[in-house]
Amino acid sequence: MLRFLTQRIMSAIPVIFGVVTLSFVILNLLPGDPVTVMLARSGATAEQVAQLREQLGLNLPLWQQYLSYVGRVLTGDFGRSIVSSTPVIDTIMDNLPATLTLSGLAMLVAIPVGIVMGAVAGVFRNSWLDRVVMGFTAVSVSVPAFWIGLMLVMLFAVQLGWLPAAGQGSPEALILPVAALSLGAISTVARSTRTNILEALKQDYILTARAQGKSETVILFRHALPNALVPVVTMIGLQFGWLFSGAFFIEAAFSRRGLGTVMVDAINSSDFPVVQGAVLFTALFYVVLNIVVDVLYALIDPKITFD
Amino acid sequence: MLTFAKACYRHRTARFALLTLFIMAMLAIFAPVIAPQDPYETKILESMLPPGGDHLMGTDLAGRDIFARVLIGGRVSLVIGLFAVAISVTIGCTIGLLSGFYGGRFDNIVMRLIDVMMAFPGILLAMSIVAVLGTGLVNVIIAVGVGGITEFARVSRGSVLAIKQQVYVDAARSTGASDARIIFRHILPNAFPPIIVLASMSYGWALLSATGLSFLGLGAAPPAAEWGAMLSDGRNVMWDAPWAAIFPGIAILFTVLASNLLGDAIRDILDPKLKV
């Protein structure tokens, strides 16, 4: 187990390194100079531009900038915001809990709901239930989650007045955003569960179980479902990454603070260090998440051994 | 090709999806003729009128006709998706084809790069590109297009690896065909099916991403009739004029649903075992 874990972490190192490099490349090699863009609006003098360039280390050769960037990132220093001059990592950490809560709750809702829907659709294949579930999944991956959010607000906040339309003060304020965000993930989990259940039901061990005279319930819960759910776990990691960035849009739709609003504000004010920090942080988070999922996968799948 | 068209016609889902996309495209193309009003003309006295009467889908805060704006917006949104997918397909497939065909160290390096790019959820990559290039429609197209490159590179490389082993490729090589000839005449046409399926599905993704970026205010600028920007406008008047946000969303739903269904259907038709 320990060897598997070390191996998995080692294999992630080049990816992490690449992610850091790419985030540097995107913001440094593409056309558009942060300082010029930023100061053009405020009408700064050439002297101020030069001063800021020096302050940000932009006057150094590119490779030196790169090395110092990697060094700083490794020590958890993501630079300072050009606009507010607070450390980027502080801004990220202040806003991370809100985004994490939103996407985490959406995931917690999506896993059981998606699995149940997918299992029902798979077991009752080609029935009206199957058609309803499949229709639902097809529609919900075809609309922007933020639009679903707006529709939910119109129904439950504007028309019925049951839930708050925006903000993040009370726990109730989370219900609609979580519902809107989880819909896409529910569909993906449901579709994957359905496919895997159909696949599992075709296997020889199901035939054996039937031959032994086991009831259909036992066959489903003891034999088909556990086998069908193993591949679903890998997908959950991927989905969480999507939910995390999907939360950016939901935050905008519900006027909630979070990493998404930080990112949009930073893009609009050309606050490059903040954009860079938020992007890098999210990507690193995604890489770590996938390691965790791989380990989980190895733990629950008895077919994987650690020798 | 003809048999493929026939098969599409016989496939019920494909027929529905193609018909929907065809109608959307026609509505967009003939929007200026069909639109009952000028989509940009503001009439303060007709602000936030409910659907009905002169305004099939009502009016927005500035009194602009929403039906006209959805039609004209279709021109923008549908084209954004097309261009973005074109960028993803061209760059992604070129990378995938070359990487799969030449293999070896080149392939190794390219694939590690793709791994790194895949560590960024597509929409995040798109957002950071918009951050650098600046906001605006053209930059959103580029950003969304770049965000989709990895998938095409991965899928096209996968099929090249399989096709490379085929006897007809060996045969072509033994007749002295150049690499370019083998790639364009023998590999590319055979690698097409999964790429077409992916392109159809990516179109939906690209349209959703682009409207999302516009919704965040990073794409089409305010007066522009673009579905995402219209949703953003509609959000502000949600309490008094819900129709302003409902109809652009329905237009997105139909377009994306149709392109996803078309992708599914083409996959069924071309090869039921194919996985993208």
Side-chain angles (χ1 to χ4, degrees), chain A residues 12 14-19 21-23 26-32 34 37 138-139 141-151 153-154 157-159 165 238 241-242 244-246 248-249 252-253 255 260 263-264 266-268 270-272 274-276 278-280 282-284 286-287 290, chain B residues 13 112-135 139 146 201 204-205 207-213 215-218 227-228 231-232 234-235 238-240 242-246 248-250 252-261 264 275:
Chain A
V15 177
I16 290 176
F17 190 69
V19 164
T21 309
L22 189 62
S23 75
I26 290 177
L27 284 128
N28 283 278
L29 292 191
L30 290 179
V37 172
V139 169
V141 294
S142 301
V143 283
F146 61 82
W147 184 69
I148 299 280
L150 297 183
M151 295 300 111
V153 168
M154 280 178 196
V158 179
Q159 297 295 325
L238 217 65
W242 280 102
F244 195 77
S245 44
F248 292 7
F249 296 90
S255 318
M263 183 105 165
V264 173
I267 293 177
N268 281 325
S270 300
D271 195 345
F272 289 92
V274 175
V275 177
Q276 196 174 29
V279 168
L280 180 61
T282 312
L284 290 179
Y286 200 46
V287 172
N290 276 307
Chain B
T13 316
R112 290 294 83 76
L113 272 176
I114 298 286
D115 277 351
V116 170
M117 275 178 83
M118 287 188 105
F120 295 85
I123 192 70
L124 194 71
L125 198 60
M127 277 175 99
S128 37
I129 292 170
V130 170
V132 177
L133 297 180
T135 57
N139 293 341
V146 172
M201 304 224 176
W205 178 83
L207 204 149
L208 284 182
S209 307
T211 47
L213 292 174
F215 176 71
L216 292 181
L218 305 177
W227 293 342
L231 286 181
S232 175
R235 190 184 95 84
M238 214 159 44
W239 298 82
D240 307 302
W243 47 87
I246 292 177
I250 293 177
I252 297 174
L253 168 65
F254 273 106
T255 316
V256 177
L257 183 64
S259 75
N260 284 345
L261 289 178
D264 278 341
K275 282 255 159 62

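Interface summary for chain B: among A:Ala145, A:Pro144, A:Gly246, the most heavy-atom pairs under 4.5 angstrom belong to A:Pro144. Between chain A and the options B:Gly204, B:Ser209, B:Gly212, heavy-atom pairs under 4.5 Å are most frequent for B:Gly212. Contacts with chain B were tallied for A:Ala252, A:Gly260, A:Ala138; A:Ala252 has the most, counting heavy-atom pairs under 4.5 Å. The greatest number of non-hydrogen atom pairs below 4.5 Å with chain B, out of A:Val19, A:Leu280, A:Leu284, A:Ile148, is found for A:Val19. In terms of heavy-atom pairs under 4.5 angstrom with chain B, the leader among A:Ala266, A:Ser23, A:Ala253 is A:Ala253.
Using cut-offs of 30° and 60° for the angle between ring planes, the B:Trp205 and A:Trp242 rings count as perpendicular.
Among all heavy-atom pairs drawn from B:Gly217 and A:Asn268, the shortest one is O-OD1, 4.2 Å. In plain terms, the two heavy atoms of B:Thr211 and A:Phe146 that are nearest each other are O-CZ, 4.1 Å. Between A:Met154 and B:Ala245, the shortest heavy-atom contact is CE-CB, 3.7 Å.
If you measure heavy-atom distances from B:Ile252 to chain A, the contacts under 4.5 Å come from both the backbone and the side chain. Only the side chain of A:Val275 comes within contact range of chain B, with heavy atoms under 4.5 Å apart. Both the backbone and the side chain of B:Ile246 come within less than 4.5 Å of a heavy atom in chain A. In this structure, chain B has no heavy atom under 4.5 Å from any part of A:Phe17. Interface remark: A:Phe249 contributes backbone and side-chain atoms alike to the contact with chain B (heavy atom separation under 4.5 Å). The parts of B:Met117 that come within reach of chain A are both its backbone and its side chain, each placing non-hydrogen atoms under 4.5 angstrom from that chain. Heavy atoms of A:Val287 lying under 4.5 Å from chain B belong exclusively to its side chain. With a 4.5 angstrom heavy-atom cutoff, A:Val153 touches chain B only via side-chain atoms.
Partner A:Met263 forms a side-chain contact (heavy atoms from CB on, under 4.5 Å) with one of B:Leu216, B:Leu218, B:Leu124 and no other, that one being B:Leu124.
A distance of 5.0 Å separates CH2 of A:Trp147 from CD1 of B:Ile250, quoted to the nearest 0.5 Å. Residue A:Phe248 holds its CZ atom at 6.0 Å from CE of B:Met127, rounded to the nearest 0.5 Å.
For the pair B:Val256 and A:Val143, the minimum side-chain heavy-atom distance is 4.5 Å or more.
The side-chain hydrogen bond (donor to acceptor under 3.5 Å, both in side chains) test applied to B:Asn260 returns A:Ser142, not counting sequence neighbours.
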